[in-house]
*Asks:* 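What follows is a single structure, and I will ask about it in a moment.
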Amino acid sequence: MRAPMMIALALTLGGCPKEAPPETAVEAPARSMPEALPGSEFTVPKPSVHELSNGMPVFVVENHEVPLVDVQIVFDIGTFADPEGKEGAAEATFDMLNEGAGDMDAATISRSLRQIGSSLYSGADLDGASVSVSGMSKNLEQSLDIWTSVLVEPTFPEADWKVLQNQWIAGLEAEQNDPTALALKLHYAKAYGPTYRGRAADVSTVTALETADMKSFYETYVGPGNARILVGGDVDPEAVVALLDARLGSWNKDVDLTRPEPVPVPVESSVVYFVDEPGASQSVLRLLTPTSTRMAPDYYDLDVGNRAFGGAFVARVNMNLREDKGWTYGARCFTYYPHGTGFWGCSTSVVAEHTADSMKEILAELEGVLGDKPLTADEVAYMQSSVKNGYPAGFETTGALLSAQVDIQRYGLPVDWTAKYLTGVAAVTPEGANAALKTAIDPGKLAWFVVGDREQVYDNIAALGIPMVELDREGNPKGE
Amino acid sequence: MIVLLALLSGVALAEDPTIEIPYEKYELENGLDVILAPDTSTPIVYVNLWYHVGSKDETEGLTGFAHLFEHLMFNGSKHAPGEYFTPLSEVGGTVNGSTNTDRTNYYEQVPAEYLPRALFLESDRMGWLLDVLDEGKLDNQRDVVRNERRQRYEITPYGEAYKDLVAATYPKGHPYHHSTIGSHEDLQNASVEDVKAFFRTWYGPQNASLVIAGDFDTEATKKLVEEQFGGIPRGADTTQLEQTKTVVEPQEIRQYQKVPEQKFWIAYTSPAFYEAGDAELDILCSVLSTGKDSRLYKKLVMEDQVATQIRIGQSSSKLESMLIISGTAAAGHTTDEVIAAADAVIADALGENPPTQEEVDAAKAQFEVGFYNGIRTIGDRGDLLQRYNYFTGDPGYIDDDLARYLPITPEAAVAAGKEVLAGERVVLHIWPEGDKPEEEAN
């Protein structure tokens, strides 16, 4: 009984002054989407660019809202350079940097940082590696001292490696039992075969790693020749560059700059890779197809096209699988650009009983967008508006601007790329977006990946008519 | 004093820092608390609305309902009947909501010029949600939530451990006994009538607080808030639950699952968020397990190598908190060995070898930096104002919060630890199925 009264009350209090009560049912007041306020022009801020005595570039973005500063050195090296049979070498090298440096052991490094409230992170991924320190600007010099030591005089202590090694092996075993992590790892293993991201650390390679491998990786690949430094926060650019130059300006060490051009395995016709997860109430469902590189001329077209098709909450795929069918908590499609050829794909987890149905729906959406239901001008304009209007928020902290430097280095983008991004997005036409989706995706050449309960889902998937390959948890095809 | 107004280019750093996030708080006639925090550092506004209801307020048979209801808030209201995300994503907004035991929040960050749109949409679902709510929407979001449960809890290794630990720590009938995600059965049983009743009880302006942070004109925004929210009638006052002090019934639970490693969780009950002892326990826990030089990590992971992970931490909530110890046994060791070793280290720290001044100072330094890390963005600052307002009644509590930590002595940290750890505890072991002892197998 209270709902109608609530609305009536809202009417009287809401807009008009109280006059004679209307004799018939009250019309809703003019509640409608209000006009926007006057906007302002946004200019993408620029980092200041500097160089240390040894030629290492430094990018600085000031932000004095809080008395914090983040310093990060980024190396153009990653797990792609792991030696054969020693997969994990890059990650181990960077994980071990803060286990011992100069005359400090791990506990001393940890204690020295904690006493000033600073934290240090070191790690490597597929295409990059970094060592960063973050803390109060008043403690910047002490933070930099520890960071520099970790960077230029690591000791790779044997005992600490044994501890890290055991933790890592435990983590890898845990990954084998996590359907989401397993699907991600094995999907790219199938996409590349035994090269590039297809090679990953596993229990046997991590067991085989020794500290000598890390020392060798460090000597070969970690130095000023493939590095840049990113600084953001409560600093004066000239002052921080002087502090950095005093510590790293004379760091001279040649590094191996060669890197392979990775090439994914072409998908000649669609296939479903399947891993059994007995009893799982949901199936992890993914699909991938190799596309073009990050520098392809239709990059922006595919970017906008993917957002409208599947990249956003309000895109076709999520609206269908989640908001219409209720089969998932969320479904997204993505573009992914490692070094070399990129990928387009989708990823979701769906209720077991509708695993094959979900694949059917994704295929129907794909056939639609590539066929008689191309993206409309409205859908494309919507995503362009979304990107343009959301862009300034990304520059609220220094992180976005600085991480753009990583992309600039990695892909060879123009240095003012962050400012040009919106121009690229704005230039996309519906024809361009649809054409890019067609170039990128052939619904008959998709590599699907499903981790699910064989008993509940296998036959239904097989009925779709796409050849299936059942894998064990290491990614090897199962014998009949 | 550091004033977090980005307009002020000359940030002053004092030796003894205090922190302030400038804001103004007032109340609409219908009871809605409004907190305005102007900040022109970026041309965005962050709107954050908290309803003072969480899973603690659910009735028996309706576990998971507060969270299911949160989902329904995104499926349209009378004057904005479509998907809630659509008009906000269109203008580059970031939108979401979340539910926990204590409260439900909704937020959107949009370009400054779209503040009217954000306020219109938030107020419309506060005032006119039920007009367009139907069985179909409920069925759809019920399915979505059940899939959220499957994804986050069921197919994730150890995904239900925390839920089981909490259920054993707080007895049946305690507001925290059941999990926020709820049970499939209760979610399946929820009806449109339940939705309507819940909305009328909890979603009135008198039970909510609105934070607007970012680049806006204060006077114009006050007018806007009045226009959009002022007409929504006040509902009946809600009953806010009193704090509890649970006496734990000691239990040792052993589960065998398809997992690779032996893990354990131990829970004690401890003082509620911001109550005496809460900050002291944070400091003690930091000394014990933050960093490679911390007591537990050094002994169990580095030296004895019985564990690969070990952690102790305060999980603070409104009615009461839990102090949780958790860890993973190294290969060849059992969680029982890890627990025995952890107990010995903790007993030593509370007895023979209390934390040194140096250790406590390092922990304080971490928390001080943590305060600044927690206010880097307009969204961070808006969240914090809202959190302080709800838990302490004072949005400007940040300085008092920092002052909870700075004076803590080693003795105070030990005293807080002794009080909590003298209580009974719940121990949950989760082991791989293959580790099940023969005599227990059936």
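Keep in mind that the numbers below use all heavy atoms, side chains included, and drop hydrogens, waters and symmetry copies. Here is how names work: the chains are called A, B, and so on, in the same order as the sequence lines, proteins then strands, and each is numbered from 1.
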*Asks:* If we count only N and O atoms by modelled type, under 3.5 Å, do the side chains of A:Q115 and B:E358 hold a donor and an acceptor together?
*Replies:* yes
*Asks:* Is it the side chain or the backbone of B:N30 that comes within 4.5 Å of chain A heavy atoms, both, or neither?
*Replies:* neither
*Asks:* Does any pair with a residue in residues 163-174 of chain A pass salt bridge (charged side-chain N to carboxylate O under 4.0 Å, His left out), and if so which ones, sequence neighbours excluded?
*Replies:* none
*Asks:* Side chain to side chain contact (heavy atoms under 4.5 Å, CB included), that's the test. Do A:R31 and B:F120 meet it? Break it down for me.
*Replies:* CA-CA 8 Å; A:R31 265 193 79 82; B:F120 165 75; 3.6 Å; yes
*Asks:* Could you list the residues that satisfy side chain to side chain contact (heavy atoms under 4.5 Å, CB included) with B:L187, not counting sequence neighbours?
*Replies:* B:L68, B:V145, B:R146
*Asks:* Output yes when a side-chain donor or acceptor of A:Q167 lies under 3.5 Å from a complementary backbone atom of B:T308, and no otherwise.
*Replies:* yes
*Asks:* Rounded to the nearest 0.5 Å, what separation is found between the CZ atom of B:F85 and the OG atom of A:S386?
*Replies:* 12.0 Å
*Asks:* So what's closer than 4.5 Å to chain A heavy atoms on B:E90: side chain, backbone, both or neither?
*Replies:* both
*Asks:* Heavy-atom distances under 4.5 Å only: say whether B:D215 touches chain A with side chain, backbone, both or neither.
*Replies:* neither
*Asks:* What part of B:Q151 gets closer than 4.5 Å to chain A, counting heavy atoms only: side chain, backbone, both or neither?
*Replies:* both
*Asks:* Can you tell me how far CG of B:D143 sits from NZ of A:K325, rounded to the nearest 0.5 angstrom?
*Replies:* 12.0 Å
*Asks:* CZ of B:R376 to CG of A:L68: how many Å apart, nearest 0.5 Å?
*Replies:* 5.0 Å
*Asks:* Between CG of B:L88 and CZ of A:F313, what distance do you get to the nearest 0.5 Å?
*Replies:* 12.0 Å
*Asks:* Counting only heavy atoms closer than 4.5 Å, note whether B:S123 contacts chain A via side chain, backbone, both or neither.
*Replies:* both
*Asks:* Go through the steps to decide whether A:D160 and B:M302 satisfy the test side chain to side chain contact (heavy atoms under 4.5 Å, CB included), and finish with yes or no.
*Replies:* CA-CA 7 Å; A:D160 296 75; B:M302 300 294 282; 3.0 Å; yes
*Asks:* Under 4.5 Å heavy-atom distance to chain A, tell me which part of B:Q366 shows up: side chain, backbone, both or neither.
*Replies:* both
*Asks:* Going from CD on A:E396 to OG1 on B:T42, what distance comes out if it is rounded to the nearest 0.5 angstrom?
*Replies:* 4.0 Å
*Asks:* Counting heavy-atom pairs under 4.5 Å to chain A, which of B:I378, B:D361, B:L115 comes out on top?
*Replies:* B:I378
*Asks:* NZ of B:K292 to CG of A:D105: how many Å apart, nearest 0.5 Å?
*Replies:* 11.0 Å
